[in-house]
Amino acid sequence: MAFWKPGSERPRILDDEEGGVLFYNAAPASSSGYGHASMEKQRQRLPVFKYRTAILYLVETHATTIVVGETGSGKTTQIPQYLKEAGWAEGGRVIGCTQPRRLAVQSVASRVAEEMGVKLGEEVGYTIRFEDVTTAGVTSIKFLTDGVLLREMMDDPLLMKYSVIMVDEAHERSLSTDILLGLLKKVQKRRPELRVVISSATIEAKTMADFFRGRKRRGSDNDVQGPNTEPAILSVEGRGFNVHVHYLEEPVSDYVRATVSTILSINERERMGDILVFLTGQDDIEAATQMLNDETHHNARKSSGLIILPLYSGLPRGDQDLIFSPTPRGKRKVVLSTNIAETSLTLEGIVYVVDSGFSKQRFYNPVTDIENLVVAPISKASARQRAGRAGRVRPGKCYRLYTEEYFLNEMATEGIPEMQRTNLVSCVIQLKALGIDNILGFDWPASPSPEAMIRALEILYSLGILDDDAKLTSPIGFQVAEIPLDPMVAKMIISSHELGCSEEIITIAAVLSIQSIWASVWGSQKQLDEAKLRFAAAEGDHVTFLNVYKGFLQSGKSSQWCQRNFVNYHAMKKVIEVRDQLKRVALRLGLSLKSCDRDLQVLRKAVTAGFFANACRLEPYSHNGMYKTVRTSQEVYIHPSSVLFRVNPKWIIYHALVSTDRQYARNVISIEPSWLTEIAPHFYNSKERAL
DNA sequence: GGGTTGACT
C-alpha cells in the first residue's frame, strides 16, 4: 500500500530534539481528482489541504498521528476524505471519526457527504445514540460519538472493521475521549496495523505523544514489522481572523459588574458588531441582564441599540433560537452565555468577546462520593477558545476581565480532565465489560486518583455488580454493563424484574436520565409549582414522574397538554425515546416487562435496590428539615423542587445530591427503614449502623 | 426556596 502520491516528493521531516517526535512542514499538495469543480476548489482553499501529502505519509508510516489545528483548518471534514482517497477504506474497511457531541457528528457527516456528492448514510454515514445512519458494507467513512464507539467495543473489542480511528477534539479531554484513547493504545498493541489520528486544538500535543509513545523495546524498532510506534505530530494553521486581546490593568472583585461596564463601553466606543459574554451560570446571567436593563432606564444613551439575550442549556428551546436570529440594522446583539457557547454552539456575527475568566466546573470528592459544582478560574486553553469566538467573521476584540500578569503566570495551561473530576462507576464498568481486569494499572492519558477508583470499585461491589475478585458478576454485572445508564439505575431496573414492576421502573429510569421534565419559564415559578401539585404523589418524585408520563400518554403525547401542565414537551419526547431503548435492552437481557399496577411498595423497593447507599434519615426534632445520610452522616436537605419538600418523611432515598450552599437531595422517594436491611444486608448490617 | 456542560449497541 502506497498512500502518498507515488512520484511526488516526500515531505520533509524535522526531528524534534526531545525524544524524536516528528514535526512536519508543508509539502506541495497534489490534487485528488475527486468531486465536482467548485466543491473541489473550496476544499483546496482550506488550510489543511497544504498538508494532505504530509498527513497521508505520516498516517501510513506511524501508528499514531497527532494533528494540531485551530478551528477552521478543515481537518475534521478533510482528513477522513484524504484517507479514503488514499485507499484506507479499501477491502470493506471503515474510517471512523469520533466527536464528543451528537450535533457535531451529524453536521460534519452531512457536510462530508455533500462534498463527496454521495447520499448521507451510504459511503458516508454516522451513528449517534438512537440514530444509525450507516449501511453495513457500504459506509466507508463513519462519524460517531466517542460514547458510541466505546459501546461498539463491547462487541468488537479490537475494532476489527476499522482501518483508522480519528479522535477529534481530543483537547476537550472528555471522559469518553480519555477512556477511548486509553483503549486505543491497548488495541494498537494487538493490532499494529490500526492507525490512530488524534486531532486537538491546542499545542499541548506532547502530552498526548508521550502517552502514545510505545515503551522502548529492546533492540531497534526497525526489527519489528509495522508502522513506527513513535507518534508523529503535525501542526495545521487555522483560518480565523486576528483577535486583539485586552486585559484589565487591575483585578476586579465583581466580575458581573465589570462585565456590564465593559459591554457599555464597547457599545459606546466600538463600531457595530455583536458581543458574546462568558459568565458562569443562570444567576450571573440574570444579574447582568438586570443591570443592563436598569441602565436602559437610567442612561439610555450608553445602552442604546442593545438587544440582550441570555443563553444557557436550561433555557427553553424558543428562547435559545432567538440567539440565531439576525441582528437588525443599527442594533447590537449581546449574548450572555455560559460555556455552552465555548464548544457546543457556534454563533455567527460575533466581533467582541467579554471573558469573565470563570466557569462552573464539576469536582468529585471520592471520600464523600459527592460531586460539587464550583465557580472556578478557566484555563488558558479555554481563554483562547473563548477569544477565538470573536474572530469568525472579521478581526475581533476580546476583553479579558483579568490582568495579563494573571493570564501569563497564574492561569493553568489546560483544564483538569473530566476523568479526574468525576465519579468513575460507569467508566470502571465499561472497562470491566471489555475484560480489562487490572483497572488500577490501566494506562490512562490522565490517571484518576486511586481514591476515586477504589470508591468506584466499592460502590460496584456493594451493588453486587463486581465480586470479591473485582470481576463482573453473572448475570447481574454483565446485564448492568449492557444497560446504557448509571450502574445504580441499571441495578434498579434489574431488581424491578423480580419485583414485578419493570414497566414502571424503566419509565422512571428514563425520566431520571433526562435533565428535567418540567418546563422552565421565566418568572412563573409559582405556576410551575402549582402545576406540579397536580401530579404530586405522597411517595415522592419518582411516582410523580409516573403520573406525568401517564398523563402525557393519555393526552396522545400532546404538546398543548405539556404547555398547559408546565411539562417540557421535548424532554417528554426524549423520555419516550430512552424508554423505548431501555425496553429493547431489557428484553434482550431476558428481563420481561411487568407492571405492578397500583402496588407502589414494590416500586419503592426497586428504587431502594439501586440506591440504598443514598438513604437518609430525618434528624429527630429537626425544625428545618435536616436529614443525615445513613452511610456517612452527611447533612442533607430535600431540594425545593421536590414534591417532598417541606413534607419531610422520616426516611428517604435520593437520586442525586446538588451541592450549593447546602447539600440538596434531588428526586426523592420515601422508604421504610426495614427495606434497607432486607434489600442490602451486606451494606447495612455488616457496618452495624443503628437504623 | 432553587439548575455549568456533554454522552450511551
Side-chain angles (χ1 to χ4, degrees), chain A residues 98-105 127-132 134 144-156 169 172-180 278-286 311-316 337-345 356 358-363 371-376 378 382 415 418 421-422 426-427 429-430 433 481-487 489-490 509-510 513-520 525-526 528-529 568 574 577-578 581-582 584-585 588-589 624-625 637-642 645-646 656-662 664-667:
Chain A
T98 72
Q99 298 286 326
R101 279 171 292 280
R102 298 160 52 94
L103 199 64
V105 168
T127 308
I128 57 181
R129 188 186 189 186
F130 306 126
E131 235 182 298
D132 183 8
T134 62
L144 66 174
T145 50
D146 29 31
V148 169
L149 190 60
L150 286 177
R151 284 282 154 184
E152 281 189 9
M153 289 183 86
M154 286 173 66
D155 289 331
D156 179 13
E169 314 285 3
E172 286 186 23
R173 306 304 301 274
S174 76
L175 187 62
S176 15
T177 305
D178 271 11
I179 298 174
L180 184 61
F278 286 101
L279 291 167
T280 63
Q282 194 176 343
D283 281 355
D284 283 1
I285 291 170
E286 280 172 10
L311 175 63
Y312 46 88
S313 77
L315 204 63
S337 174
T338 60
N339 50 6
I340 188 172
E342 203 176 301
T343 48
S344 308
L345 214 145
S356 65
F358 292 97
S359 70
K360 279 198 186 172
Q361 292 164 37
R362 191 165 55 185
F363 288 95
E371 287 182 334
N372 268 303
L373 270 180
V374 184
V375 173
I378 59 167
S382 283
E418 194 178 11
R421 297 186 284 115
T422 186
S426 293
C427 165
I429 200 161
Q430 274 181 322
E482 289 281 317
I483 298 175
L485 291 172
D486 181 280
V489 180
S513 77
I514 301 294
Q515 281 181 346
S516 170
I517 56 163
W518 304 109
S520 62
Q525 199 58 53
K526 272 227 168 94
L528 168 58
D529 287 346
N568 182 335
K574 191 103 196 216
E577 208 172 28
V578 175
Q581 185 191 25
L582 293 178
R584 285 197 304 274
V585 174
R588 205 186 53 227
L589 295 175
N624 60 349
Y637 297 83
I638 293 181
H639 195 279
S641 66
S642 169
F645 178 64
R646 284 206 275 252
L657 283 186
V658 180
S659 302
T660 50
D661 50 330
R662 285 176 170 181
Y664 284 110
R666 275 194 67 189
N667 297 331

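No hydrogens, no waters, no symmetry mates; every other heavy atom, side chains included, goes into these values. Order of the sequence lines sets the chain letters (A, B, ...), proteins ahead of strands, with each chain counted from 1.
The two residues A:Lys360 and A:Asn339 have their closest heavy-atom pair at O-ND2, 4.3 Å.
Listed by chain and residue number, nothing satisfies the side chain to side chain donor-acceptor pair (under 3.5 Å) test with A:Arg102 (two or more places apart in sequence, or in another chain). With sequence neighbours left out, the ring pair (Phe, Tyr, Trp, His ring centres under 6.0 Å) criterion links A:Tyr637 to no other residue. By the side chain to side chain donor-acceptor pair (under 3.5 Å) test, A:Arg584 is found to be paired with no residue, residues two or more places apart in sequence or in another chain being considered. Residues passing the ring pair (Phe, Tyr, Trp, His ring centres under 6.0 Å) test with A:Phe645, sequence neighbours excluded: none. Under the rule for a side chain to side chain donor-acceptor pair (under 3.5 Å), A:Gln430 has no partner lying at least two apart in sequence or in another chain.
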Going 5' to 3' through nucleotides 1-6 of chain B and flagging B where a protein heavy-atom sits under 4.0 Å of the base, S where only the sugar-phosphate is that close, and - otherwise, we get BBBBBB
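Atom-to-atom, CD of A:Glu577 to C1' of B:dA7 comes out at 14 Å; the value is rounded to the nearest Å. Put simply, CD on A:Glu152 is 12 Å from P on B:dC8, counting in whole angstrom units. Nucleotide B:dA7 holds its C1' atom 16 Å from the CD1 atom of A:Ile429, rounded to whole Å. The separation between A:Ile514 atom CD1 and B:dC8 atom C1' is 12 Å, rounded to whole Å.
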